[in-house]
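First up is the structure itself, then whatever we jot down about it.
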Amino acid sequence: MKRNLRMLSGAVLYIFVTCHLLNMAFGLISVEAVESARRVLTVPWTVFPISPLLLLSMLVHAVLGLEAIYRRNTLRMSSYDTVQLISGLLVVPLLASHIVGIWAVKNLFASDPTYHFILTVFWIDTPIEGLRQVLVVVVAWLHGSIGIFSWMRLKASWDRLSLFIYPLVVVVPVLALVGFVDAGNEVIADRERAIEASSADEPQLSEEELRAQEEAAAIRAEEIGQKLDLTRRIMWTVIGIYSVLVVITFVARAIRLHIARRARVSVRYLHGPQFEVPTGASMLEISRLHHLPHANLCRGRGRCGTCRIRIIEADPPLPEPGPVEAATLKRKKLDPDIRLACQVVPGAGSITIERLIAPDILPGDLHAASNDDEDEDQQPAAEGANA
């Protein structure tokens, strides 16, 4: 259930980001085109029932992400996982100012922000927010694209779909950023023309009128300043709460591992090394910790079955497979002594295992093997695993 919720919530967020990027790509035409496209691409995300669904997806994805960090037994991971972990932790702080700012404009300033207004803020009033927006695009798109890649590459149709997905992953953010720059240049030019027009047509005011105008402007500036201060406090409160949750997650993880590692397990690889390690890590994580190559196309999520191992001996016996592992073992029609290294967490004692799949297996190899007899799935690949 958690895996499905993570995938579903991630898909909703990825579609949300894609719609915003496509909307911004219309800046290649004009700011007016961006505003017209907004009614189709981004406005629907602000109305019921899509708006609550988006908020729920954000909360679910963030909570499940922190839970996944807590469950990790090692922070030694693949480069894909490292980038996805770091980008996932950065999304909320980077996105907080944008979300809170839009909320403040609608609720505190009683205004419906147009893209012309938003771009003016990003490019003229507070350029640092514009830079933050670019970082949000890069980080969020990178995080989501890695997730989509991890899910789709195990599909039999991936070889064909990748011909379209790879270019889109590059083209969509590039068009969005170029459109963002073009639209920004347009609003800067509009501001310059407005300043020239106002200076040319500025009426001559009396001293009393100027004083009254200055006083009204000062009052207005004070009101705006108070609302901006409230907006900043809300933004930093959101970032602070999230940061505290992240720290608590890592501290709780450290405590869990400290308690679990009081016991030790002796691990022996058939035709390979033997060593003693603290308990608490999965067999795949143990391989990573000791720099032993081990196939894992789904990066330890229990879906691909490429990390499977044969249990030669286990003392005490291993617990029964969980729902995720059992489903994959059943789908692959594997023997009872075959388990998934990413799901097997040996307790105190000893275990002897044999790696069955060459560590350099590719998704295409997996798809081809699925069309052959399952006998091939049982043949060891010790030479490749020990390379």
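Computed from a predicted structure; not experimentally measured.
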Which other residues end up in the same hydrophobic cluster as Leu284, if Ile, Leu, Val, Met, Phe, Trp and Tyr are linked when side-chain heavy atoms come under 4.5 Å apart?
none
Glu129/Arg132 ion pair, N-O < 4.0 Å
yes
Walk me through whether Phe122 and Val187 qualify under side chain to side chain contact (heavy atoms under 4.5 Å, CB included).
CA-CA 10 Å; Phe122 286 160; Val187 298; over 6 Å; no
Verify the cluster assignment for Leu41 and Ile50: are they in a single hydrophobic cluster under the rule of side-chain heavy atoms below 4.5 Å apart?
yes
May I ask you to test the Ile15-Trp45 pair for a side-chain heavy-atom distance under 4.5 Å?
yes
Not counting sequence neighbours, list each pair that qualifies as a ring pair (Phe, Tyr, Trp, His ring centres under 6.0 Å) and has a residue in residues 19-42.
Phe16-His20
State, with a plain yes or no, whether a side-chain heavy atom of Leu318 is found less than 4.5 Å away from one of Ile351.
yes
For a 4.5 angstrom cut-off between non-hydrogen side-chain atoms, does Leu64 reach Leu5?
yes
Pairwise side-chain hydrogen bond (donor to acceptor under 3.5 Å, both in side chains) hits with a residue in residues 51-61, at least two apart:
Ser9-His61
Are any side-chain N or O atoms of Arg256 and backbone N or O atoms of Tyr70, one a donor and one an acceptor, separated by less than 3.5 Å?
yes
Backbone of Val31 reached by a side-chain donor or acceptor of Glu186 within 3.5 Å:
yes
Taking the side chain as every heavy atom from C-beta outward, state whether Leu13 and Leu54 have any atom pair closer than 4.5 Å.
yes
Sorted by chain and number, sequence neighbours left out, salt bridge (Lys or Arg N to Asp or Glu O under 4.0 Å) with Asp81 holds for Arg72, Arg299, Arg301
Side chains of Val17 and Tyr14: closer than 4.5 Å at any heavy-atom pair?
no
Hydrophobic cluster identity match, Val60 and Val91, side-chain contacts under 4.5 Å:
no
Among the clusters formed by ILVMFWY side chains lying less than 4.5 Å apart, do Leu90 and Val137 turn up in the same one?
yes
Any side-chain to backbone donor/acceptor pair from Asn296 onto His294? Under 3.5 Å, distance only.
yes
Leu289 and Val277: CA distance, side-chain angles, deciding distance, side chain to side chain contact (heavy atoms under 4.5 Å, CB included) verdict:
CA-CA 10 Å; Leu289 285 170; Val277 297; over 6 Å; no
side-chain hydrogen bond (donor to acceptor under 3.5 Å, both in side chains): pairs with one or both residues in residues 338-348, sequence neighbours excluded:
Glu325-Arg339
Name each donor-acceptor pair under 3.5 Å that joins a side chain in residues 160-167 to protein atoms two or more places apart or in another chain, with its distance.
| from | atom 1 | to | atom 2 | distance (Å) |
| --- | --- | --- | --- | --- |
| Ser162 | OG | Trp158 | O | 3.1 |
| Ser162 | OG | Asp159 | O | 3.0 |

Are the side chain of Arg355 and the backbone N or O of Pro293 linked by a donor-acceptor pair below 3.5 Å?
yes
Same cluster for Leu177 and Ile29 if Ile/Leu/Val/Met/Phe/Trp/Tyr side chains link at under 4.5 Å?
yes
Please list, chain by chain and in numerical order, all residues satisfying ring pair (Phe, Tyr, Trp, His ring centres under 6.0 Å) with His258, sequence neighbours excluded.
none
With sequence neighbours left out, what residues match Arg232 under salt bridge (Lys or Arg N to Asp or Glu O under 4.0 Å)?
Asp229
Does some side-chain heavy atom of Leu89 sit less than 4.5 Å from a side-chain heavy atom of Ile69?
yes
N/O donor-acceptor pair under 3.5 Å between Thr328 side chain and Gly305 backbone
no
All ring pair (Phe, Tyr, Trp, His ring centres under 6.0 Å) counterparts of Tyr242, not counting sequence neighbours
none
Any side-chain heavy atom of Asn23 within less than 4.5 Å of one from Tyr115?
yes
Hey, any chance Met7 and Leu56 share a hydrophobic cluster, counting ILVMFWY side chains that come within less than 4.5 Å of each other, even indirectly?
no
Arg233 meets the salt bridge (Lys or Arg N to Asp or Glu O under 4.0 Å) criterion, sequence neighbours left out, with none
Per the salt bridge (charged side-chain N to carboxylate O under 4.0 Å, His left out) rule, what does the pair list look like for residues 24-46, sequence neighbours excluded?
Glu35-Arg38, Arg38-Asp112
Taken in chain and number order and not counting sequence neighbours, the residues that satisfy ring pair (Phe, Tyr, Trp, His ring centres under 6.0 Å) with Phe180 are Trp123
